Amino acid sequence: MEKNYPKIGIRPIVDGRQGPLKLRDSLEGQVMAMATAAKKLFEDNLFYSDGTPVQVVIADSSIGRVPETAACADKFRRENVAVTLSVTPCWCYGSETMDMDPTTIKGVWGFNGTERPGAVYLASVLATYTQKGLPAFGIYGHEVQDREQVSEIPADVQEKLLRFGRAAIAVAQMRGKSYLQIGSQCMGIGGSIIDQAFMEEYLGLRVESVDEVEILRRMEEGIYDEEEYQKALAWTKAHCKEGRDDNPESVKFTPEQKEKQWEFTVKMYIIIKDLMRGNPKLPDIFDEERFGHNAIAGGFQGQRQWTDHWPNCDYPEAFLSSTFDYSGAREPYTLATENDVLNGMGMLFMRLLTGRGQIFADVRTFWSPEATKRVTGYDLTGKAAANGGIIHLLNSGAACLDACGECQDEDGKAIMKRWWEVTDEDIEKMTKATVWCEAGFDNFRGGGFSSHYTTRAEMPATMIRLNLVKGLGPVLQIAEGWTVQLPDAVSDTLMERTNPTWPCTWFAPRCNGVKGSPFEDAYSVMNHWGANHGAISYGHIGADLITLCSMLRIPVCMHNVPEQDIFRPSAWNAFGMDAEGADYRACANYGPMYKVVR
């Protein structure tokens, strides 16, 4: 079945006046050139999560009067347009030509020229959008251009157009999908208490639930693709090396028992995939199970009832979060450890923005330069020293194998690649850098295997956390920084003080040294963090996240994104001069994006 992707619709807006001077006719070429240039920019640079270039449609004609506005709206509804960009080089009639659909995400690009300046229309129509309660993003270049340059998009305009488009398409891809929780609340963790109203009204997601016993039922009744299972098992045996087993001899599993655990966890993996997305290759008698739950993300409870008896879910969580598996490179899934839906949503936001695997981790321990020196004799250097220490990101489960840092870009720098750029050589590097340790009996009496690697590279990274605050609603925290490569002996010494069988990443947030700031130093970041978990992505993508959150009406309560990179709807300017407070007030004023359309 052909996918019906949410599309970007370009609305070429023109001065509708004609008369003897044929004003409208004189502007048609310019506005269509702008529309075509914007379309090409989006199609060349933006992608859906499956790697397909974003689809863009242009209205059948320029829009100068209300009937053309209506015709454009009709076309966009048929084409599944979720995002609109109005473009113009000139003055136009704002309220007659604006996008009035309350369900679309809106942007307006006004050309910075002097003949019939698009800035005048831009300011007028943005004021009208604000007056009507329809937030819209305004895009206007810093430098004046000549009218012959309407198709030459300046770098600052490109940046805003792409930030707007990237965030809007991420938002649009969530709507109508599901979050599948397998199990329920885990170990008293608040993040695994699912607020269905939040999921529906803010994100456009429904919540689906299945008991963990469904996995056992599918194993016992053969509700999986046997050929796929054998292929996955053979690949796992060939590429997943067993690591250390630190369990006391009195509780260690035998080699035969471990073999059964591998078989069990590989079946878990393919069954969870089937539960999320469905599988047409299931045996004929299981027509209903072929459907899946239309899940764009999910979570697995695990502890304790499952893991006290059955192998843990670390293997499925780790590979689902990664950019590959036994079938080769493929789109990552999002499966949250401990069913922490709030951390899972953070992972989903960043996966949709980047196309990369994500890390789920405990924000586990702050190591100051002094403590590191005392324990290891090593003086922190570089980013770690400059930002007052490091934060240890460590947890079993949904940390993508991409975070080992072994893959490189064309310049030889460590990178976590977009999934469609991952090669067989990359997969070999990532699997060789990872060992699978027998699960610790203290946490997982039922056994299983936990991935272990250490991120041995400095890479730009962004850590976020979505939290729910009673009486306020959702808020997001953002900390941009870098992964830190410690000498192996130093890293090993620190790891031996905690759980050395889990994936390990050292993180230095970018700090400002300002007394009392959440970003005074790395300790302050950890001290201000809103929960025990964090979601971590490759790259400095905080600005994209701020734009995305404004679309979802989720205020950002903590961030270290440069002020000049922050891009929100123009209406936010009306809520005060303090940007953070204005964000809170605007989000509260407009409310959840989908509340009015439920």
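Since the structure is predicted, the reported quantities are computational estimates derived from the model, not experimental observations.
A donor-acceptor distance shorter than 3.5 angstrom exists from the side chain of E212 to the backbone of G302, with no hydrogens or angles considered. Of the possible polar contacts, one joining the T455 side chain to the A403 backbone as a donor-acceptor pair under 3.5 Å is found. Listed for the R553 side chain is a donor-acceptor partner under 3.5 Å among the backbone atoms of S550. Remark: side-chain polar atoms of R585 are not paired, donor with acceptor, to backbone N or O of E580 under 3.5 angstrom. Counting only distance, with no hydrogens or angles, the side chain of T483 and the backbone of A457 share a donor-acceptor pair below 3.5 Å. With S192 contributing its side chain and I189 its backbone, the two residues share a donor-acceptor pair below 3.5 Å. With hydrogens and angles disregarded, no donor-acceptor distance shorter than 3.5 Å links the side chain of Y378 to the backbone of P369. With hydrogens and angles disregarded, a donor-acceptor distance shorter than 3.5 Å links the side chain of R351 to the backbone of P332. In this structure, S322 contributes its side chain and F324 its backbone to no donor-acceptor pair below 3.5 Å. At distances below 3.5 Å, not a single donor-acceptor pair connects side-chain atoms of D308 with backbone N or O atoms of R445.
Of the inter-residue distances, the one linking M593 atom CE with C587 atom SG reads 12.0 Å to the nearest 0.5 angstrom. To the nearest 0.5 Å, atom CD1 of residue I554 and atom CD1 of residue I546 are 13.0 Å apart. How far CZ of F360 is from CE of M347: 7.0 Å, rounded to the nearest 0.5 Å. Considering CG of L494 and CG of L486, their distance stands at 6.5 Å, rounded to 0.5 Å. Distance check, rounded to the nearest 0.5 Å: NZ of K258 to CG of D245 gives 4.0 Å. Note that CG of L401 and CD1 of I427 are 10.5 Å apart. Values are rounded to the nearest 0.5 Å.
A salt bridge is defined here as a Lys NZ or Arg NE, NH1 or NH2 lying under 4.0 Å from an Asp or Glu carboxylate O, and R374 with E370 fails to meet this definition.
Within 6.0 Å of the NZ atom in K515, the count of heavy atoms belonging to other residues, nucleotides or ligands does not exceed 12. Residue-environment remark: OH (Y523) stays at or below the threshold of 12 foreign heavy atoms within 6.0 Å. When the shell of 6.0 Å around CD of Q564 is examined, it contains more than 12 heavy atoms from other residues, nucleotides or ligands. Open room surrounds CG on D424; 12 or fewer heavy atoms of other groups in view lie less than 6.0 Å from it. More than 12 heavy atoms of other residues, nucleotides or ligands sit less than 6.0 Å from atom CZ of R244.
The shortest non-hydrogen separation linking Q261 to G446 is NE2-O, 4.1 Å. The nearest pair of heavy atoms linking G204 to Y594 is N-CD1, 3.2 Å. Between K417 and V422, the shortest heavy-atom contact is CB-CG2, 4.0 Å. Taking each heavy atom of L352 and M174 in turn, the nearest pair found is CD1-CG, 3.6 Å. The minimum heavy-atom distance linking L394 with P503 is given by the pair CD1-O, 3.1 Å. Closest of all the heavy-atom pairs between A522 and F366 is CB-CE1, 3.7 Å.
Y538 and D402 share no donor-acceptor pair across their side chains, judged by distance under 3.5 Å alone. Neither side chain, D578 nor Y584, offers a donor N or O lying under 3.5 Å from an acceptor on the other. In the model, T236 has no side-chain atom that pairs as donor or acceptor with a side-chain atom of Y269 under 3.5 Å. No side-chain N or O of N312 forms a donor-acceptor pair with one of T307 less than 3.5 Å apart. For the residue pair S570 / N573, no side-chain donor-acceptor distance below 3.5 Å is found, with atom types taken as modelled. Side chain to side chain, W572 and D583 meet the donor-acceptor criterion of an N or O pair below 3.5 Å. Between the side chains of S491 and W506, at least one donor N or O sits under 3.5 Å from an acceptor N or O. Side-chain contact annotation: D426 with T423, donor-acceptor N/O pair under 3.5 Å present. Side-chain contact of Q358 with S321: a donor-acceptor pair under 3.5 Å is absent, judged by distance alone. Inspection of the R465 and N343 side chains reveals an N or O donor paired with an N or O acceptor under 3.5 Å. In the model, T354 has no side-chain atom that pairs as donor or acceptor with a side-chain atom of R418 under 3.5 Å. Between H142 and D156, the side chains place no donor N or O within less than 3.5 Å of an acceptor N or O (distance only, hydrogens not considered). A donor and an acceptor atom, one from each side chain of S450 and S396, are nowhere located under 3.5 Å apart. For the residue pair E317/T337, the side-chain donor-acceptor check at 3.5 Å is satisfied. E520 and N512 share no donor-acceptor pair across their side chains, judged by distance under 3.5 Å alone.
Considering only heavy atoms from C-beta on, K383 stays 4.5 Å or farther from R510 through its side chain.
Taking the six-membered ring where tryptophan is involved, the planes of H239 and W235 are essentially parallel, since the angle between them stays under 30° and well short of 60°. Ring geometry for W310 against F264 counts as parallel: the plane angle stays under 30°, on a 0 to 90° scale with 60° as the upper cut.
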Practice task
Go through T547 and R568 one step at a time and tell me if the side-chain contact (heavy atoms from CB on, under 4.5 Å) criterion holds.
Solution key: CA-CA 5 Å; T547 297; R568 293 181 170 120; 5.9 Å; no

Practice task
Dump the intermediate steps for side-chain contact (heavy atoms from CB on, under 4.5 Å) on I296 and T334, then the final yes or no.
Solution key: CA-CA 7 Å; I296 195 171; T334 297; over 6 Å; no

Practice task
Check the pair D409, K413 against salt bridge (Lys or Arg N to Asp or Glu O under 4.0 Å), reporting the backbone distance first and the verdict last.
Solution key: CA-CA 5 Å; D409 62 16; K413 295 180 180 179; over 6 Å; no

Exercise for the section: Take R456 and E406 through the test salt bridge (Lys or Arg N to Asp or Glu O under 4.0 Å) and record every step on the way to the result. Expected result: CA-CA 7 Å; R456 289 188 172 88; E406 294 296 325; 5.4 Å; no

Exercise for the section: Applying side-chain contact (heavy atoms from CB on, under 4.5 Å), run through T505 and I536 and close with a yes or a no. Expected result: CA-CA 10 Å; T505 300; I536 302 93; 6.0 Å; no

Handout entry: Evaluation steps, side-chain contact (heavy atoms from CB on, under 4.5 Å), between H528 and M558
Key = CA-CA 9 Å; H528 282 83; M558 171 180 160; 3.8 Å; yes

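Of the listed residues (D544, L545, N560), just one forms a side chain to side chain contact (heavy atoms under 4.5 Å, CB included) with T462, and that residue is L545. For the side chain to side chain contact (heavy atoms under 4.5 Å, CB included) with W367, the qualifying choice from L380, I391, V375 is V375, the only one to do so.
Between Y48 and W420, the ring center distance fails the sub-6.0 Å criterion. For F507 and W482, the ring centers sit 6.0 Å or farther from each other. Under the 6.0 Å cut-off for aromatic ring centres, Y333 and F319 do not qualify, their centroids lying 6.0 Å or more apart. Between F137 and F164, the ring centre distance stays below 6.0 Å.
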